[in-house]
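Here the structure is laid out as structure tokens; the discussion comes afterwards.
Index from 1, following the sequence.
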Amino acid sequence: MRWKPTAEACASEPQRADRLWRGNQPAGSPVVSEEQFDLLPTLDLRQEMPPPRVSKSFLSLLLRVLSVLLSLVGDVLVIVYREVCSIRFLLTALSLLSLFLAALWWGLLYLVPPLENEPKEMLTLSEYHERVRSQGQQLQQLQAQLDKLHKEVSSVRAANSERVAKLVFQRLNEDFVRKPDYALSSVGASIDLEKTSHDYEDANTAYFWNRFSFWNYARPPTVILEPDVFPGNCWAFEGDQGQVVIRLPGRVQLSDITLQHPPPSVAHTGGANSAPRDFAVYGLQVDDETEVFLGKFTFDVEKSEIQTFHLQNDPPTAFPKVKIQILSNWGHPRFTCLYRVRAHGMRTSEGAGDSATGEPH
């Protein structure tokens, strides 16, 4: 038989449950009344619940994820751009290379001439030796021709050298004046010492051994009649005025007088101030007293070292002697140096010379 609860039991059941619930609550907990407990089923919990709040940590995480994604997308775009540029560069390089190869091929085909002398067939060993032998004979013939040509050139050179040497000696013998010199000691000319100025004597160097002729450094006036002209080989007289009288090898119709003095570039003192400057020329008659004026001239040291002066001997008169009178030098205060003197003209016989002498002009 089943038990059925009565109305009192049903009414007391909530009370019993309430007591049991209250008995299980801990001490100090709030006490809910029955009225409040009865109102609990009627509350709408969905309406009373507040909206959920998004935390800041979640937002920061989301932002980080988005930034990472954006950076990845940017890197991908940069890589794609680089790949596109590299492909473009590769295509450009390939196009330029193809153009270069095409131009090279065109040049090889049309600009380079074809090889016409290439052998069409291989030579045999005997043919090769024959060709080498023929070329050796050609080389021997060519060497013989070269030797012959060398001998001809050597002979021509020797002939030219002899010709040049003869010309040089001829010019040296003529002393570049190309006129006969009658004031040359080797042809009979000499110095008239009685009518010639005294030699220059340097008191500072007048040692005892200089009084001997073979130790004396000073040159006599006869040195002006010698062809050897070098610095220091001159006749020096004191001061800037003096004279020298030359005996000619016969009676000579004088036409020119030549003086020579080394250039300043070879002078030991660094100049040519001892050279004669103004001078006069006189022809002396047989009596040694009558003098005929033949001209006054100036020797310019800035010009050539050999200077020829034309005399005023008109009508031509033959003289046995000629006098060179130095009137000034180029500034040396103590002495004047006279190197070589030449007398040019035409030598006459004794009879012709007497008839040509006549009266002085």
Atom pair OH/OG of Y182 and S255 - distance to nearest 0.5 Å: 9.0 Å

Could you tell me whether F230 atom CZ has more than 12 heavy atoms of other residues or ligands within 6.0 Å of it? yes

For residues H332 and N273, determine if any side-chain heavy atom of one lies less than 4.5 Å from a side-chain heavy atom of the other. yes

Distance col, row H261:NE2 vs T336:OG1, nearest 0.5 angstrom, shows 9.0 Å

Given side chains that start at C-beta, do those of W235 and S197 come closer than 4.5 Å, heavy atoms only? yes

Check the hydrophobic clustering (I, L, V, M, F, W, Y; side-chain heavy atoms under 4.5 Å; chains of links allowed) and say if I326 and F309 are grouped together. yes

Can you name the nearest heavy-atom pair linking W330 to A272, along with the distance? CB-O, 3.7 Å

With I191 as partner, the option from I224, V223, V245 fulfilling side chain to side chain contact (heavy atoms under 4.5 Å, CB included) is I224

Smallest heavy-atom separation, P180 atom then G345 atom, equals CG-O, 4.1 Å

Report yes if some heavy atom in the side chain of V292 is under 4.5 Å from a heavy atom in the side chain of T317; otherwise report no. no

Report, one line per pair, each donor and acceptor closer than 3.5 Å where one atom sits in a side chain of residues 61-78; sequence neighbours left out.
| unit_1 | atom_1 | unit_2 | atom_2 | d |
| --- | --- | --- | --- | --- |
| S67 | OG | L63 | O | 3.3 |
| S67 | OG | R64 | O | 2.7 |
| S71 | OG | S67 | O | 3.3 |
| S71 | OG | V68 | O | 2.7 |

So the salt bridge (charged side-chain N to carboxylate O under 4.0 Å, His left out) pairs with at least one residue in residues 317-333 (sequence neighbours excluded) are D192-K321, D288-K321, E291-K323

Any side-chain heavy-atom pair of H129 and R133 under 4.5 Å: no

As a test of understanding, state which of H150, Q145, K151, Q143 forms a side chain to side chain donor-acceptor pair (under 3.5 Å) with D147. Q143

Spell out, as yes or no, whether a donor-acceptor pair under 3.5 Å connects the side chain of N313 to the backbone of L254. yes

Flag yes if more than 12 heavy atoms outside K195 fall under 6.0 Å of its NZ atom; otherwise flag no. yes

Over all atoms of both residues, closest heavy-atom pair of A275 and V301: CB-CG1, 3.7 Å

Looking at R251, is its backbone amide N or carbonyl O close enough to the side chain of T348 to form a donor-acceptor pair, meaning the two atoms are under 3.5 Å apart? yes

Would you mind reporting whether L248 and R347 have side-chain heavy atoms less than 4.5 Å apart? no

Single-linkage hydrophobic cluster, 4.5 Å side-chain cutoff, L284 and M346 together: no

Joint cluster assignment, F293 & L327, ILVMFWY side-chain distance < 4.5 Å: no

Gap between atom CG of N329 and atom CZ of R334 - 0.5 Å precision: 11.5 Å

Please determine whether the number of non-hydrogen atoms from other residues, nucleotides or ligands lying under 6.0 Å from atom CD of E152 exceeds 12. yes

State, to 0.1 Å, how close P221 and D199 come at their nearest heavy-atom pair, and which atoms those are. CD-OD1, 3.8 Å

Near-ring test Y200/F237, centroid separation under 6.0 angstrom: no

When hydrophobic residues are tied together by side-chain contacts of less than 4.5 Å, even through go-betweens, does F299 share a cluster with V281? yes

R340 with D181: basic N within carboxylate O range, under 4.0 Å: yes

Any side-chain to backbone donor/acceptor pair from D228 onto N233? Under 3.5 Å, distance only. no

Kindly compute the distance separating CD (E201) from CD (E238), expressed to the nearest 0.5 Å. 8.5 Å

Run F319 and Q285 through side chain to side chain contact (heavy atoms under 4.5 Å, CB included) and show every step you take. CA-CA 6 Å; F319 302 97; Q285 296 291 352; 3.5 Å; yes

Does any part of the side chain of T298, heavy atoms only, come nearer than 4.5 Å to the side chain of D278, both counted from C-beta? yes

Distance check, rounded to the nearest 0.5 Å: F297 atom CZ versus H310 atom NE2? 8.5 Å

Smallest heavy-atom separation, P276 atom then L338 atom, equals CG-CD1, 3.9 Å

Interatomic spacing from CD in E130 to CG in L125 - rounded to 0.5 Å: 12.0 Å

Connected via hydrophobic side-chain network under 4.5 Å: L184 and Y339: no

